[in-house]
Protein chains: 2
Amino acid sequence: MAELDIAEVSHRAGVPASTLRYYEERGLISSTGRRGLRRQYDPGVLERLALIALGRTAGFSLDEIALMFAPDGQPRIDRQKLAAKADELDNRIRELGVLRDSLRHAAACPAPSHMECPTFRRLLDAAASGGVAVPGRRVPGR
Amino acid sequence: MAELDIAEVSHRAGVPASTLRYYEERGLISSTGRRGLRRQYDPGVLERLALIALGRTAGFSLDEIALMFAPDGQPRIDRQKLAAKADELDNRIRELGVLRDSLRHAAACPAPSHMECPTFRRLLDAAASGGVAVPGRRVPGR
DNA sequence: CATTGACCTCAAGTCGACTTGAAGTAGAAC
DNA sequence: GTTCTACTTCAAGTCGACTTGAGGTCAATG
């Protein structure tokens, strides 16, 4: 079985068929042909989908991911971009670490009200001054 | 000057006026009155905005945050929820850590193509099997 | 040969958190 | 007293990644 049916791909990759069609439309994957109406895929699409999933979890947009494939379909992953994303992740991880520790402290804090807890207030100031970022926040000028 | 003008709040909190109106509409903050048309705010709104910002960076939705204020305006932060969010953050942090390490490895990997690098392939399998989560991904059945 | 059911296309809807635009108003400066 | 300007309301638009729905098609099953 060289060719996979869309249902097969959907099942194996754990991705809805609608998403496969969407990815195709966006140029992220391509079908090798049709059996009747139905899309057929090369088994390699599974690896490609894994790559896409990976990119998504690393925080790349679909557009960015699309650029990571050469026109011939071979992944052309820019090592610099990977390193940059790793650094980005590093920052986010550090932020989240601080946040987590502070949340835990606040959860265990004996102060009658959170507002009277110095740790909580410090956290608050950090958040207010934009020291910590929200992932999906739109930046002014975009 | 007990009362702050919306422009003042916007400036001090680093939040656009449109967002302040939006937060008011959502019941997250309230203005004490108007001078002419313009909203006036109690200085306490700044602390509240900081609290909102904090909640956002911790990954709470505006609806969740709204529930963290008692009707009287006093923050009523559920310590259990904080702890739960901390645990959630902990998981995410661990995932991101793995991802970061793998990205870094891939970036430095000597294999001619990423596909031939065992570390990269392992990472790929993890991503494919949904071992790592994308923050904003919609879960089936929601 | 007719039915079934899973696929197809294309347009439109969803979600959350805002932003933007049009049309109006009022305090303050001239 | 007029103009300026920063605010006001309300509806609609935006962004990314998909999902959903209506109406159509076709390989396989009976």
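Treat the numbers as computed from the prediction; the structure is a model and nothing was measured.
- I65(A) places a side-chain heavy atom less than 4.5 Å from the side chain of L28(A).
- The separation between E8(B) atom CD and dA6(D) atom P is 15 Å, rounded to whole Å.
- One interatomic measurement links the two molecules: CD of E25(B) to P of dC18(C), which rounds to 12 Å at whole-angstrom precision.
- Going from atom CZ of R35(B) over to atom P of dT5(D) covers 20 Å, rounded to whole Å.
- Ranking dA17(C), dC18(D), dA28(D) by closeness to the R56(B) side chain, first place goes to dA17(C).
- Across all strands shown, A7(A) has heavy atoms under 4.0 Å from sugar-phosphate atoms exclusively, and none from any base.
- Residue D63(B) is classed as having no contact, given no heavy-atom separation below 4.0 Å to the nucleic acid.
- Distance OH (Y22(B)) to C1' (dG16(C)): 6 Å, rounded to an integer number of Å.
- With salt bridges taken as basic N to acidic carboxylate O contacts below 4.0 Å, one links D90(B) and R104(A).
- Atom CG of L28(A) is separated from atom C1' of dG16(D) by 13 Å (rounded to the nearest Å).
- Picking from dT9(D), dG24(C), dT20(D) the nucleotide with the shortest atom distance to the side chain of L37(B) gives dG24(C).
- Nearest to the side chain of Y23(B), among dC7(C), dC18(C), dT9(D), sits dC18(C).
- The side chain of R38(A) lies closest to dA6(C), out of dT20(C), dA6(C), dC18(D).
- Rounded to whole angstrom, the span from the CG atom of D5(A) across to the P atom of dC26(D) amounts to 16 Å.
- The R26(B) side chain lies nearest to dA17(C) when the options are dT8(D), dA17(C), dT19(C).
- Salt bridge D5(B)/R39(B): absent, no basic N to carboxylate O contact under 4.0 Å.
- Here dT8(D) presents its C1' atom at 12 Å from CD of E24(B), a figure rounded to the nearest Å.
- Following rounding to the nearest Å, L62(A) (CG) and dA17(D) (P) show an atom-to-atom distance of 4 Å.
- Comparing dC8(C), dT8(D), dT19(C) against the side chain of T19(B) picks out dT19(C) as the nearest.
- Here S18(B) does not reach the OP1 or OP2 of dC18(C): none of its side-chain N or O atoms lies under 4.0 Å away.
- Residues D101(A) and T119(A) form no side-chain contact, since every pair of their non-hydrogen atoms from C-beta on lies 4.5 Å or further apart.
- The residue among S61(B) and R21(B) whose nearest nucleotide of DNA chain C lies closer to the 5′ end is S61(B).
- Contacts of R39(B) with the nucleic acid, taken as non-hydrogen atoms under 4.0 Å apart, involve only primed sugar atoms and P, OP1 or OP2.
- R100(A) has no carboxylate O lying under 4.0 Å from a charged side-chain N of E95(A), or vice versa, which leaves the two without a salt bridge.
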